[in-house]
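Read the structure below first, then the notes.
Since the model is a prediction, treat every value here as computed from it, not as a measurement.
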Amino acid sequence: MASGIVFHTIAALVYLGMSTLLWGALQAGKPMDFLGRYTRWGVLVALLFQGIALNDKILAGGNLQLSWVLALSAAIWLGLIVFWLESLVVKIDGLQLILLPIAGVTCAFAAIFPTSHLITSATETALRGHLLLALGAYGLITIAAMQSLLMAALDHHLHHPRQAANQTASLRRALGRMLDAQPPLLVQERLLFRVIWIAFVALSLAVISGGLISLASTGRWLPFDHKTVFTILSWTTFGILLLGRHLRGWRGRIALRYTLVGFVFVVLSYTGSRFVIEVILGRT
């Protein structure tokens, strides 16, 4: 069995194991802060195993290889690194209730679907730098999108307290307790825009480096294909959001909508197309 599969499996077990502990503590009414301090170190261990798996798969044999699931795993990995660093400064332990199960399922998929395709010119430093920037931007945007969905659910929960209080289904009660354990909306909003700013800078550098690579190899600044179109649409969406935030103080639902739209464009620019080609059409 390839080491990439082994380490992705270990990372999945660690993520899902910590998720089980956190949700069990939530059901028992225990505070997230106490357990969150211990699971934070567990996240670091899982990130280490996931990073080793990604290095083994993406840079296997000195070549550069990717697939839709590896791109998704790399996105989650990079995004969780930012979350882990933020958790050292801001009390956001409740976010682990959402992020860790998603990370665990993603690593499990990476172990189940290990097939990848070779990217040519993998030895070129410029291409490696462009890939790192693109995956970094994608990972941060993925985390921002997940946080936007969580903030939307928390906003609805806060504005409909009676509806939450009258819920009888055990699943709905659990979701209500999960939302109650989340950081305040203002704290999450500051974190969201911090992540979006970093993602926008990384995405801008990825577009510029991609254009330079294309110009050097084909004589054209940017090729007119679906990846370029959706990447530019995503860059424009986040640019408008940040400009609106600076000039008009955009926040709340407007920010959430722009974040999700930009995320959809990013997904369509790579992961969505690779998923259709590799999984549905069965081609590489």
Side-chain angles (χ1 to χ4, degrees), residues 66 68 70-83 86 102 119 126-153 155 185-186 188-277:
L66 273 179
W68 70 272
L70 283 178
L72 185 60
S73 179
I76 296 295
W77 181 70
L78 291 166
L80 277 176
I81 289 176
V82 174
F83 156 77
E86 286 285 347
I102 293 174
I119 296 180
L127 181 59
R128 290 178 182 271
H130 169 69
L131 178 64
L132 179 61
L133 288 169
L135 288 179
Y138 175 58
L140 294 172
I141 291 171
T142 301
I143 294 297
M146 290 190 294
Q147 188 178 349
S148 295
L149 292 173
L150 178 61
M151 290 173 64
D155 180 71
L185 276 174
L186 288 178
Q188 292 204 45
E189 188 176 83
R190 287 196 297 268
L191 174 60
L192 175 65
F193 275 97
R194 192 174 303 152
V195 171
I196 290 175
W197 263 114
I198 300 173
F200 182 73
V201 172
L203 190 60
S204 300
L205 294 175
V207 171
I208 294 172
S209 61
L212 292 174
I213 292 172
S214 176
L215 186 64
S217 59
T218 66
R220 292 182 298 172
W221 172 245
L222 287 174
F224 187 75
D225 54 23
H226 72 280
K227 293 181 183 179
T228 302
V229 170
F230 285 121
T231 299
I232 294 299
L233 285 174
S234 177
W235 181 86
T236 303
T237 300
F238 286 110
I240 293 174
L241 171 59
L242 293 173
L243 187 62
R245 170 76 168 182
H246 178 70
L247 297 178
R248 295 176 175 267
W250 284 359
R251 53 179 301 186
R253 294 180 181 179
I254 295 178
L256 302 185
R257 289 167 185 168
Y258 270 89
T259 301
L260 293 177
V261 169
F263 169 71
V264 170
F265 286 143
V266 165
V267 171
L268 291 175
S269 69
Y270 180 80
T271 306
S273 62
R274 293 310 308 178
F275 179 82
V276 172
I277 293 172

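Taking each heavy atom of F193 and A255 in turn, the nearest pair found is CZ-CB, 3.6 Å. Minimum heavy-atom separation, F263 to A145: CG-CB, 3.4 Å. Considering all non-hydrogen atoms of both residues, I141 and L203 come closest at CD1-CD2, 4.2 Å. A pairwise comparison of heavy atoms in L260 and S148 identifies CD2-CB, 4.2 Å as the closest pair. When all heavy atoms are compared, the tightest approach of T237 to Y258 is CG2-O, 3.3 Å. When all heavy atoms of M146 and I76 are compared, the pair lying nearest together is CE-CD1, 4.0 Å.
In this structure, W77 CH2 and L72 CG are separated by 14.5 Å, a value rounded to the nearest 0.5 Å. The CG atom of L205 lies 11.5 Å from the NE2 atom of H130; values are rounded to the nearest 0.5 Å. Annotation: the span from L243 atom CG to T236 atom OG1 amounts to 12.0 Å, rounded to 0.5 Å. Atom CG of L192 and atom CG of L241 lie 8.0 Å apart (nearest 0.5 Å). In this structure, CD1 in I102 is found 9.0 Å from CG in L80, a value given to the nearest 0.5 Å. The CG atom of L191 sits 10.0 Å away from the CD1 atom of I143 when rounded to the nearest 0.5 Å.
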Verdict with reasoning, V266 to T231, per side chain to side chain contact (heavy atoms under 4.5 Å, CB included): CA-CA 6 Å; V266 165; T231 299; over 6 Å; no
Verdict with supporting geometry, R190 and E86, salt bridge (charged side-chain N to carboxylate O under 4.0 Å, His left out): CA-CA 11 Å; R190 287 196 297 268; E86 286 285 347; over 6 Å; no
Candidate pair V267 and Y138, rule side chain to side chain contact (heavy atoms under 4.5 Å, CB included), full reasoning: CA-CA 8 Å; V267 171; Y138 175 58; 4.2 Å; yes
Side chain to side chain contact (heavy atoms under 4.5 Å, CB included) between W221 and L212, intermediate numbers included: CA-CA 7 Å; W221 172 245; L212 292 174; 3.6 Å; yes
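Of the possible donor and acceptor atoms, one in the side chain of Q147 sits under 3.5 Å from a partner among the backbone N and O of Q188. A donor-acceptor pair under 3.5 Å is formed between the side chain of E189 and the backbone N or O of G252.
Side-chain contact between L140 and L78 is absent, with no heavy-atom pair separated by less than 4.5 Å.
Counting heavy atoms of neighbouring residues, nucleotides and ligands inside a 6.0 Å radius, atom CZ of R245 exceeds 12 of them.
The distance between the ring centers of F265 and W235 does not fall below 6.0 angstrom.
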